[in-house]
Amino acid sequence: MRSFFRGVNYSPLQAPAVHKISVTFFDKDGEQEIKVPVGMSMLEAAHENDIELEGACEGSLACSTCHVIVMDVEQYNKLEDPADEENDMLDLAFGLTETSRLGCQVIAKPELDGLRLALPAATRNFAVDGYKPKPL
């Protein structure tokens with residue numbers, strides 16, 4: 001039996017392994033190193049590994065709750081430049097820094113192996129934080 005993978009026919013025993021990079025998340029409780037498949041966002045990777053990175057809008061660039069801080073400037077400089085929509089959301093982020101990004105927009109690629117991300121102490125979730133109940 002043969003399968004089709006990225007435009008090339010492989011038998012199941014020959015299918016290439018998914019390349020993964022090492023990413024370390026730092027939060028108030030310490031650090032956690034995980035392996036992230038190339039092509040996956042840091043928001044998805046955090047959720048798959050039970051790391052508390054909120055992502056209220058599920059990666060649709062409508063909030064800043066997946067705000068992460070890239071701890072190494074060299075690694076930050078390897079990222080694609082943020083789009084205007086990402087910058088708009090970052091303006092709302094708690095604890096914004098020069099190396100802040102949204103986790104939903106940081107995509108694993110081989111040159112990011114060893115990426116170190118800090119999670120801010122808080123987020124601003126206006127769907128919750130800005131909620132004002134109406135009087136009955």
Side-chain angles (χ1 to χ4, degrees):
M1 175 177 204
R2 299 187 74 73
S3 61
F4 192 74
F5 185 81
R6 295 186 191 195
V8 179
N9 282 319
Y10 291 98
S11 73
L13 297 176
Q14 295 173 318
V18 175
H19 183 69
K20 294 184 178 186
I21 65 168
S22 174
V23 177
T24 305
F25 285 86
F26 295 82
D27 65 14
K28 64 185 181 324
D29 298 323
E31 63 185 77
Q32 182 176 351
E33 183 178 340
I34 62 172
K35 297 295 184 187
V36 180
V38 168
M40 179 180 278
S41 77
M42 295 303 112
L43 175 61
E44 293 172 289
H47 288 179
E48 283 193 6
N49 289 277
D50 297 320
I51 295 170
E52 292 190 29
L53 184 59
E54 188 173 343
C57 74
E58 299 178 355
S60 65
L61 276 173
C63 74
S64 64
T65 60
C66 66
H67 171 217
V68 296
I69 300 166
V70 181
M71 296 176 67
D72 301 309
V73 174
E74 296 84 20
Q75 293 281 27
Y76 179 84
N77 290 334
K78 293 177 184 176
L79 298 172
E80 301 286 329
D81 289 336
D84 290 341
E85 296 83 3
E86 181 179 0
N87 280 327
D88 290 345
M89 290 298 106
L90 282 170
D91 286 342
L92 305 174
F94 179 86
L96 189 65
T97 73
E98 289 295 318
T99 60
S100 288
R101 292 298 300 264
L102 296 180
C104 65
Q105 299 302 301
V106 178
I107 307 301
K109 55 186 182 177
E111 55 268 31
L112 293 177
D113 191 37
L115 185 63
R116 296 163 22 102
L117 301 173
L119 304 182
T123 62
R124 289 191 178 133
N125 184 346
F126 292 106
V128 174
D129 299 341
Y131 177 73
K132 293 181 182 163
K134 296 178 182 170
L136 298 173

Notebook entry, point to check: To which residues is Val73 joined in a hydrophobic cluster, defined by side-chain heavy-atom contacts under 4.5 Å among Ile, Leu, Val, Met, Phe, Trp and Tyr, whether direct or through other members?
Noted result: none
Note to self: Counting only heavy atoms not in Glu33 (residues, nucleotides, ligands), do more than 12 fall under 6.0 Å from its CD?
What the structure shows: yes
Note to self: Is it the case that atom CD in Glu52 sees more than 12 heavy atoms from other parts of the structure closer than 6.0 Å?
What the structure shows: no
Margin query: Would His19 and Val38 count as a side-chain contact (heavy atoms from CB on, under 4.5 Å) here? Give the steps.
Written below: CA-CA 6 Å; His19 183 69; Val38 168; 3.4 Å; yes
For residues [X] and [Y], report the shortest heavy-atom separation together with the two atoms involved.
X: Thr99; Y: Val70; value: OG1-O, 2.7 Å
X: Ala56; Y: Cys63; value: N-SG, 3.9 Å
X: Gly55; Y: Leu43; value: CA-CD1, 3.8 Å

Donor-acceptor pairs under 3.5 Å, side chain of residues 100-121 to any protein atom, not counting sequence neighbours: which ones?
| residue | atom | partner | partner atom | Å |
| --- | --- | --- | --- | --- |
| Ser100 | OG | His67 | NE2 | 2.7 |
| Ser100 | OG | Thr97 | N | 2.8 |
| Ser100 | OG | Thr97 | O | 3.3 |
| Ser100 | OG | Thr97 | OG1 | 3.1 |
| Arg101 | NE | Glu86 | OE1 | 3.4 |
| Arg101 | NE | Glu86 | OE2 | 2.8 |
| Arg101 | NH1 | Glu80 | O | 2.7 |
| Arg101 | NH2 | Glu80 | O | 3.4 |
| Arg101 | NH2 | Glu86 | OE1 | 2.9 |
| Lys109 | NZ | Lys78 | O | 2.8 |
| Asp113 | OD1 | Ser22 | N | 2.6 |
| Arg116 | NE | Asp72 | OD2 | 3.3 |

Next item on the list: Report yes if the side chains of Met42 and Val23 come closer than 4.5 Å at any heavy-atom pair, otherwise no.
Entry: yes
Checklist line | Qualifying side chain to side chain donor-acceptor pair (under 3.5 Å) pairs with a residue from residues 35-50, counting only residues at least two apart or across chains | finding: Ser41-Glu44
Check: What distance separates Ile69 CD1 from Glu98 CD, expressed to the nearest 0.5 Å?
Finding: 11.5 Å
Item checked: Partners meeting side-chain hydrogen bond (donor to acceptor under 3.5 Å, both in side chains) with Gln75 (sequence neighbours left out) -> none
Margin query: Are Met71 and Leu79 linked, directly or through intermediate hydrophobic residues, by side-chain heavy-atom contacts shorter than 4.5 Å (ILVMFWY only)?
Written below: no
Could you pull out every donor-acceptor pair under 3.5 Å between side chains of residues 24-31 and any protein atom, sequence neighbours left out?
| residue | atom | partner | partner atom | Å |
| --- | --- | --- | --- | --- |
| Asp27 | OD1 | Asp29 | N | 2.8 |
| Asp27 | OD1 | Gly30 | N | 3.2 |

Notebook entry, point to check: Who are the side-chain contact (heavy atoms from CB on, under 4.5 Å) partners of Ala62, not counting sequence neighbours?
Noted result: Cys57, Ser60
